[in-house]
Amino acid sequence: MEVFKMAARAAKSGDTVVAIPAPAGTLYVGEGYCTIMAGPCAVESREDYLQVAVQLKAMGVHILRGGLFKPRTSPYSFQGLGREGLTIMNEARDLTGLPLVSEIMDVRDLDYMWERVDILQVGSRNMQNFTLLEELGKLRKPILLKRGLAATIEEWLLAAEYILKGGNPNVILCERGIRTFETYTRNTVDIGAVALIKILSHLPIIVDPSHATGKWQMVTPVAKAAIAAGADGIMVEVHPEPARALSDGAQSLTPPNMERLMEQIVKLAHVENKIVQ
Ligand code: PEP
Ligand code: MN
């Protein structure tokens, strides 16, 4: 028996499908469809966010991303707009009808984030923040659990186990690249992890080709590879003008490049909007 008891493939029959309540109905992740999450690394201004949100909706993106609390390596880098950014994201939700995914860094933000964000993201740097994972296990909210930058697959599934064990079955895994000796890319994308998770676990898995590579030119090819390997979706960073992005501009697609990515993805997977009322 695997050490991750509830996350293990043998723990249940069939795959976990995570229901995401959206203003227009319910969206399902892990049902054989490809779920596309996209948006800027961080919410920077109301004007930019609302503009890009409307463009993404028109392209067929299912879920809007946006960082409010940014886990930056340097304390001098832009840290995110925090609560102010959440008001902007909520406006985008009302405008587009799309659900929101955003990272929670601290349990102290849970009281107000849980009801204003549709999917709570646990970032790579917090994958083993066990206090946070335990608190998220008490909710019924969908959780997007990113793989730690140096986490083994077993450590990652054990982190998921903390949430499942608490009573929250709604876990979506996200492969976002791991640290290796390679320096040309920001991380090394582990496409094999997608296939392995499908063997080891019933949980849905998506891939973030933006953080996995650090280079916008690699995002579309890696997104395609992820889908070919069996991923249930992708999460992509898109900025109206990447050159002036306050974080992760080098890995962000412009809206026209995101549109081209979508054209490629529809050839490989079912991405039709599957919001069920
Ligand atoms: C993010 O998605 O905003 C992020 C910070 O990613 P990661 O935790 O994978 O570095
Ligand atoms: Mn980012």
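All ligand and atom numbering here is 1-based and tracks the order in the structure. Quick caveat: nothing in here was measured; it's all calculated off a predicted structure.
Within 6.0 Å of atom CD in Glu115, more than 12 heavy atoms from other residues, nucleotides or ligands are found, so the atom counts as buried in its surroundings.
Protein atoms of type N/O/S that fall under 2.8 Å from the Mn ion (ligand 2) number 4 in this view.
One finds no salt bridge joining Arg176 and Asp190 here, because no Lys/Arg side-chain nitrogen approaches an Asp/Glu carboxylate oxygen to under 4.0 Å. Residues Asp208 and Arg147 are not paired through a salt bridge, judged by the lack of any N-O separation under 4.0 Å between the basic side chain and the carboxylate. Between Glu103 and Arg65 no salt bridge is recorded (no basic side-chain N to carboxylate O distance below 4.0 Å).
Looking at Asn126, its side chain never comes within 3.5 Å of a backbone N or O of Asn129 through a donor-acceptor pair. Proximity of a side-chain donor or acceptor of Lys141 to a complementary backbone N or O of Val117 within less than 3.5 Å is detected.
Of the N or O atoms in Asp208, none lie within a sub-3.5 Å distance of an N or O in ligand 1. For ligand 1, one of its N or O atoms has an N or O atom of Arg65 under 3.5 Å away.
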Practice task
Give the intermediate values and the outcome of side-chain hydrogen bond (donor to acceptor under 3.5 Å, both in side chains) for residues Arg93 and Asn90.
Solution key: CA-CA 5 Å; Arg93 188 183 194 273; Asn90 280 188; over 6 Å; no
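Shown in contact with Gly123 at under 4.0 Å from a heavy atom are these atoms of ligand 1, numbered in order with element: 8 (O). Of all the atoms in ligand 1, the ones that sit under 4.0 Å from a non-hydrogen atom of Arg176 are 7 (P), 9 (O), 10 (O).
In terms of protein heavy atoms, atom 4 (C) of ligand 1 is closest to His211 NE2, 3.5 Å. When only non-hydrogen protein atoms are considered, atom 5 (C) of ligand 1 lies nearest to Glu103 OE1, 3.6 Å. For atom 8 (O) of ligand 1, the closest non-hydrogen atom on the protein side is Ser124 N, 2.8 Å.
In terms of hydrophobic clustering, with Ile, Leu, Val, Met, Phe, Trp and Tyr side chains grouped at heavy-atom distances under 4.5 Å, Leu100 and Leu50 are assigned to different clusters.
At least one heavy atom of Gln121 sits under 4.0 Å from some atom of ligand 1.
Partner of Asp248 under the salt bridge (charged side-chain N to carboxylate O under 4.0 Å, His left out) criterion, out of Arg186, Arg72, Lys70: Arg186 alone.
Closest to atom 6 (O) of ligand 1 by heavy atom, among Lys146, Met37, Met235, is Lys146.
Evaluation of the ring-ring contact (aromatic ring centres under 6.0 Å, His included) test over residues 111-134, restricted to residues two or more places apart or in two chains, returns Phe130-Tyr162.
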